[in-house]
Amino acid sequence: MINETVRVRFAPSPTGYLHVGGLRTALYNYLFAKSNKGTLVLRIEDTDRARFVEGAVEKLIEALRWAGLEYDEGPDKDGNYGPYVQSQRLQIYKNHAEELIKSGKAYYCFCTSQRLEALREEQQKLKLPQAKYDKHCLSLTSDEVSEKLSENTSHTIRLNVIGGQKISFTDVIREIVEFESDNVDDQILIKSDGNPTYHLANVVDDHLMKITHVIRGEEWLSSTPKHVLLYDAFGWEPPVFAHLPLLLNPDRSKLSKRQGDVAVEDYRDKGYLKEALINFVALLGWNAGDDREFYYLDELAENFSLNRVNKSGAVFDIQKLNWLNAEHLRKLPDDRLLQMLKTEISFSQYKDKKFSDEYLLLITAAMKERVSFVKEFISSCSYFYEAPSEYEQKSVEKNWKPETPAHLIRLSEEFDRLDIPSKEDYESVLTKVAEELGIGKGNLIHPLRLAVSGQSTGPGMFDLLYILGKNEVIKRINTALEKISTQ
RNA sequence: GGCGCGUUCGUCUAGUGGCUUAGGACGCCGCCCUCUCAAGGCGGAGAUCACGGGUUCAAAUCCCGUACGCGCUACCA
């Protein structure tokens, strides 16, 4: 099903951040474009002046770039919008609406919002099945219309929907969807402020930009008949539609701010890897039909197919995201891990301390399998950055025996005799001492770990000693001997 | 209210009429490994496939109905 001429678009409205649901929509568009060698267009749908947010377009672009979803056409990061921001294309929509008026497919409406509101109230009172515009202004004569227009009467342009017809379209994900035109309102195309509504701008742009597949969220399914009617009115071929299932809160309502983070920036700031977020969100509503869970972006593109997108909404399960984050973290190349750790350190209490790359790399190697987030390379093993100031009480009670100080002094003396010890050196020394004392290695290891790290958990003992280095180890043993006995 | 869409373990899902005593993953529990914690390996609990009718020799899979959930119902997108 490879189509060389595939053109898709991601068309968010600039709300100030990129919603994770939007990220998934963008991702599916990206994957579909990639797997068909097609083109992905980014188009900003900012026709609602009342909801204008400063800097929102830039934020959107930045979030997309962070996630690695490169688009082929669209506004760029330097503020060159080109023809891809709707607020800069107002005349185009106006012209198209007027074309529809000329052909009798649309008409001017001079009704005030008060009349519209009253109409709606009345219809509700009468318990009419649905509230719809009563086509009041359709009966105006052309003279009346020109008079009102010349008087600059506030007006909108509405689509004249003819009742009694079936509107059906094919959705890749849901197959054939049917609506009655009786249930479709005379949609406003141009608002009284001169701006187009989403419906008009969207249809006009999708046509002008030669979009072949409209892949968007399910919240648009109900307005698709309006769009189909519009394509029809213009005499255009509608694109193929694919309505994606919604991302859900744990209570199964549409994913919202109130119940957790929804902005991709939030996840980025919390330390989630773009690889993990992309991987996770890709699997929310799609799978290749096998058991595979781990993907990189390019691998998703190789395997993606719209036909395998699910119909039902998916709960955003943070636990699985966390797991994927850990999985991706472990596979991160050393240089990237190092960079991320350094950045993390520069924001931490250790920002003024100097650590060599070699040292930090030893830490990540030792901790990789014990953390899910980069920041845990600091928070879960602070003893690599400073000597412990406290000793875990539970471990003291369990592992600090009356004979422990003597054992540790013995170990410390033996370590001191070593010249630049390796892990193996530490291990053989400790093994030897344990044998001579006639005790299990654990009896030395647990108190030793407590002494040098202050904790009862962490990497392998000999890795820990090796990373800290002989002098530091001896110093910490001495400190622990003083502090713990008096604790 | 109307219209539309959906409904398989807590969650993400496999399943397109017989291979299914419904498979995998996350999470949870246990065991193994082991100096701890992880990682890894092995195993366990967990789904009367929303419910009720059909069709069929045979249905999670096809049809009809009901329930429930969600979305839309704006001069928002």
Return the set of residues passing side-chain hydrogen bond (donor to acceptor under 3.5 Å, both in side chains) with [X] (not counting sequence neighbours), or none when no residue passes.
{"X": "A/Y84", "value": "A/E73"}
{"X": "A/S253", "value": "A/N249, A/D251"}
{"X": "A/D463", "value": "A/K423"}
{"X": "A/D291", "value": "none"}

How far, in whole Å, is [M] from [N] if one measures between their [atom1] atoms?
{"N": "B/A39", "M": "B/G30", "atom1": "P", "value": "14 Å"}
{"N": "B/G41", "M": "B/C57", "atom1": "P", "value": "47 Å"}
{"N": "B/G71", "M": "B/G15", "atom1": "C1'", "value": "27 Å"}
{"N": "B/A14", "M": "B/C68", "atom1": "C1'", "value": "25 Å"}
{"N": "B/G17", "M": "B/A59", "atom1": "C1'", "value": "6 Å"}
{"N": "B/C9", "M": "B/U21", "atom1": "C1'", "value": "16 Å"}
{"N": "B/C62", "M": "B/C49", "atom1": "P", "value": "15 Å"}
{"N": "B/G10", "M": "B/G46", "atom1": "P", "value": "11 Å"}

(request) State plainly whether the residues A/E472 and A/R476 are in salt-bridge range, i.e. N to O under 4.0 Å. (result)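 A salt bridge is present here (some side-chain N lies under 4.0 Å from a carboxylate O).
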
Just the rounded figure in Å: distance from [atom2] of [N] to [atom1] of [X].
{"X": "A/N399", "N": "B/C35", "atom1": "CG", "atom2": "P", "value": "14 Å"}
{"X": "A/L321", "N": "B/U13", "atom1": "CG", "atom2": "P", "value": "14 Å"}
{"X": "A/R308", "N": "B/C12", "atom1": "CZ", "atom2": "C1'", "value": "14 Å"}
{"X": "A/E392", "N": "B/C35", "atom1": "CD", "atom2": "P", "value": "19 Å"}
{"X": "A/L248", "N": "B/G10", "atom1": "CG", "atom2": "C1'", "value": "15 Å"}
{"X": "A/L247", "N": "B/C70", "atom1": "CG", "atom2": "P", "value": "16 Å"}
{"X": "A/E178", "N": "B/C5", "atom1": "CD", "atom2": "C1'", "value": "14 Å"}
{"X": "A/N287", "N": "B/U8", "atom1": "CG", "atom2": "P", "value": "14 Å"}

Heavy atoms under 4.0 Å, any strand shown: does [X] hit a base, just sugar-phosphate, or nothing?
{"X": "A/E293", "result": "base"}
{"X": "A/V184", "result": "nothing"}
{"X": "A/Q455", "result": "nothing"}
{"X": "A/F280", "result": "nothing"}

(message) Can you tell me how the ring of A/Y426 sits relative to the ring of A/F415, calling it parallel under 30°, perpendicular over 60° and tilted otherwise?
(response) perpendicular

(request) Can you label the angle between the A/H227 ring and the A/H199 ring as parallel, tilted or perpendicular, going by 30° and 60°? (result) tilted

Can you tell me the pairing partner of [N] across any strand shown, Watson-Crick or G-U wobble, with both distances under 3.5 angstrom?
{"N": "B/G1", "value": "B/U73"}
{"N": "B/U16", "value": "none"}
{"N": "B/C33", "value": "none"}
{"N": "B/G65", "value": "B/C51"}

(message) Both A/F462 and A/P245 contact RNA chain B. Which one's nearest nucleotide lies toward the 5' end?
(response) A/P245

(request) List in chain and number order the residues that pass salt bridge (charged side-chain N to carboxylate O under 4.0 Å, His left out) with A/K166, two or more places apart in sequence or in another chain; answer none if no residue qualifies. (result)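 For A/K166 the salt bridge (charged side-chain N to carboxylate O under 4.0 Å, His left out) partners, ignoring immediate neighbours, are A/E180.
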
(message) Considering only residues two or more places apart or on different chains, which pairs with a residue in residues 222-231 of chain A satisfy salt bridge (charged side-chain N to carboxylate O under 4.0 Å, His left out)?
(response)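 Not a single pair qualifies under salt bridge (charged side-chain N to carboxylate O under 4.0 Å, His left out).
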
(request) Scan for salt bridge (charged side-chain N to carboxylate O under 4.0 Å, His left out) pairs involving residues 109-124 of chain A, sequence neighbours excluded, and state none if there are none. (result) A/R115-A/D134

Using OP1 and OP2 only, check whether a side-chain N or O of [X] sits under 4.0 Å from [N].
{"X": "A/N310", "N": "B/A14", "answer": "yes"}
{"X": "A/N322", "N": "B/C26", "answer": "no"}
{"X": "A/N183", "N": "B/G2", "answer": "no"}

(request) Might you point out which heavy atoms bring A/R292 and A/N303 nearest each other, and give the distance in Å? (result)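 Between these two residues, the closest heavy atoms are NH1-ND2, 3.9 Å.
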
(request) If a protein heavy atom is under 4.0 Å from the base, mark B; if only from the sugar-phosphate, S; if neither, -; do that for nucleotides 71-77 of chain B going 5' to 3'. (result) BS-SBBB

I'd like a table of atom pairs between the protein and nucleotides 36-40 of chain B - only N or O on both sides, under 3.5 Å - with the distance next to each one.
{"unit_1": "B/U36", "atom_1": "O2'", "unit_2": "A/S456", "atom_2": "O", "d": "2.9"}
{"unit_1": "B/U36", "atom_1": "O2", "unit_2": "A/G458", "atom_2": "N", "d": "2.8"}
{"unit_1": "B/U36", "atom_1": "O2", "unit_2": "A/G458", "atom_2": "O", "d": "3.1"}
{"unit_1": "B/U36", "atom_1": "N3", "unit_2": "A/R449", "atom_2": "NH2", "d": "3.3"}
{"unit_1": "B/U36", "atom_1": "N3", "unit_2": "A/G458", "atom_2": "O", "d": "2.6"}
{"unit_1": "B/U36", "atom_1": "O4", "unit_2": "A/G460", "atom_2": "N", "d": "3.3"}
{"unit_1": "B/C37", "atom_1": "O2", "unit_2": "A/R370", "atom_2": "NH1", "d": "2.9"}
{"unit_1": "B/C37", "atom_1": "O2", "unit_2": "A/G458", "atom_2": "O", "d": "3.4"}
{"unit_1": "B/C37", "atom_1": "N3", "unit_2": "A/R370", "atom_2": "NH1", "d": "2.3"}
{"unit_1": "B/A38", "atom_1": "O2'", "unit_2": "A/E369", "atom_2": "O", "d": "2.1"}
{"unit_1": "B/A39", "atom_1": "O4'", "unit_2": "A/E369", "atom_2": "O", "d": "3.4"}

(request) Could you tell me whether the side chain of A/N202 reaches within less than 4.5 Å of the side chain of A/R9, counting heavy atoms only? (result) yes

